[in-house]
Amino acid sequence: MAEPLLQARGIVKHYGHVEALRGADFDVFPGEIVALIGDNGAGKSTLVKILSGSEQADEGEITLEGHGVQVSSPLEAQRLGIETVYQDLALAPDLDGAANLYFGREIVRRGPLGRLGFLDDGAMHAGARKAFAELGVDLQNAQSPVANLSGGQRQSVAVARSVAWANKVIFLDEPTAALGVVQTARVLDVIRRIRDRGIPVVLISHNMPQVLQVADRIEVLRLGRRVARFNARGATMEQLVAAMTGGLDGQGSAA
């Protein structure tokens, strides 16, 4: 098996007297969709926040491509090629898809106008159209504010933004929550397209059927530790639930 692209070992995190993570381990391999699952309070969100720079671990180590790294902030995570899409999407509702894609990374015009801060809207819209097309994101009106888009389209814009800047790993936190069947199918297709481009995706989800449908591997957290790993192709709903609730000993089936 290939070496992990991103690896966490022995991650510990306290919030006062509460121990959210108790030596958690996690692996992300190149070109895969790996689902991170667990019951409420298992430590999923805390682990993702640490790996994406929003929180700092009290103990443990993180390696990226075999080298130890300090993910000290979300900006540092982005510099390392790690992008995260949270449930709130963090989109600017009054801006269109292109402006959201380049938010904080705007392209300025060349020459004197650029030095005065004038933006190159044409270049950004062209780049956005290409990024959306590569992921199969269909926006009928690319210049419409994202507030006017459907839930699935907004989610796709947020995912496309992460893909445009990530070159190592993308974390997606409950990307299909509150979406309808058709919108969910489109978002899952976008996730597969990201994987097929060689960028590994970490999918955090409570939806077990979707996890089994789209993931290549599954890692299970329980009470702040990794308790099981599965190859999604051979896993069953019963095994996942047993691992999440403490009914499965050891490390599950081989991944």
Side-chain angles (χ1 to χ4, degrees), residues 2 4-6 27-37 48 51-52 64-65 77-78 80-91 96-103 105 124-142 144 146 149-219 231-233 235 255:
L5 177 69
L6 178 67
D27 297 298
V28 182
F29 290 90
E32 71 168 358
I33 300 171
V34 55
L36 177 62
I37 67 171
V48 170
L51 293 175
S52 59
L64 182 66
E65 296 182 314
Q78 291 173 358
L80 293 169
I82 300 170
E83 293 280 341
T84 305
V85 180
Y86 294 105
Q87 289 187 56
D88 62 8
L89 303 184
L91 295 173
D96 63 21
N100 272 279
L101 192 77
Y102 285 95
F103 192 80
R105 299 175 170 105
M124 289 189 289
H125 277 95
R129 285 194 298 270
K130 180 180 178 182
F132 294 149
E134 288 177 349
L135 293 176
V137 177
D138 182 19
L139 302 181
Q140 292 182 349
N141 184 356
S144 176
V146 297
L149 302 179
S150 69
Q153 288 174 321
R154 289 195 297 271
Q155 184 67 258
S156 295
V157 169
V159 172
R161 180 181 60 188
S162 70
V163 175
W165 306 110
N167 55 28
K168 294 295 188 296
V169 182
I170 296 175
F171 288 90
L172 300 179
D173 186 8
E174 299 286 356
T176 61
L179 296 183
V181 174
V182 174
Q183 295 176 338
T184 292
R186 289 174 179 169
V187 171
L188 294 180
D189 183 60
V190 169
I191 293 172
R192 293 187 187 96
R193 287 173 182 252
I194 298 170
R195 185 267 317 275
D196 293 344
R197 291 177 60 175
I199 301 176
V201 177
V202 179
L203 174 65
I204 302 94
S205 179
H206 285 91
N207 191 314
M208 296 302 101
Q210 285 181 18
V211 164
L212 290 171
Q213 178 184 352
V214 76
D216 300 303
R217 275 195 322 113
I218 303 167
E219 300 211 358
N231 184 319
R233 182 174 298 178

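Nothing fancy with the numbering, it's 1 onward along the sequence.
Contacts of Ala35 classified as side chain to side chain contact (heavy atoms under 4.5 Å, CB included), with partners at least two apart in sequence or in another chain: Ile37, Val211, Ala215, Ile218. Legend: residues meeting side chain to side chain contact (heavy atoms under 4.5 Å, CB included) with Ser156, ordered by chain and number and at least two apart, are Val137, Val187, Val190. Listed by chain and number, the residues in a salt bridge (Lys or Arg N to Asp or Glu O under 4.0 Å) with Glu32 are Arg217 (sequence neighbours excluded). For Ala99, the side chain to side chain contact (heavy atoms under 4.5 Å, CB included) partners at least two apart in sequence or on another chain are Leu95, Asp96.
Using modelled atom types, one side-chain atom of Gln155 and one backbone atom of Pro175 make a donor-acceptor pair closer than 3.5 Å. With hydrogens and angles ignored, the 3.5 Å screen pairs a side-chain donor or acceptor of Trp165 with a backbone N or O of Leu101.
Taking CG from Asp173 and CG from Leu36, the interatomic distance works out to 9.5 Å, rounded to the nearest 0.5 Å. Separation of atoms OG (Ser205) and CD (Gln213) is listed at 11.0 Å; rounding is to 0.5 Å. Atoms CD1 and CG, from Ile33 and Leu188 in turn, are 8.5 Å apart once rounded to the nearest 0.5 Å. Atom OG of Ser52 sits about 8.0 Å away from atom CD1 of Ile82, to the nearest 0.5 Å. Distance CG/Leu5 to CG/Leu64: 5.5 Å, rounded to 0.5 Å.
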Validation: residues 191-200 side-chain donor-acceptor distances under 3.5 Å, sequence neighbours left out:
unit_1	atom_1	unit_2	atom_2	d
Arg193	NE	Asp189	OD2	3.0
Arg195	NH1	Asp216	OD1	3.1
Arg195	NH1	Asp216	OD2	3.0

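No hydrogens or angles considered: a donor-acceptor pair under 3.5 Å links the side chains of Gln210 and Thr176.
The minimum heavy-atom distance linking Pro4 with Asp27 is given by the pair CG-OD1, 3.7 Å.
A 4.5 Å side-chain heavy-atom check between Leu6 and Lys168 finds every atom pair outside the cut-off.
Looking at Val159, Val34, Val85, Leu172 one by one, the single match for side-chain contact (heavy atoms from CB on, under 4.5 Å) with Val201 turns out to be Leu172.
A ring pair (Phe, Tyr, Trp, His ring centres under 6.0 Å) check over residues 178-217, counting only residues at least two apart or in different chains, returns nothing.
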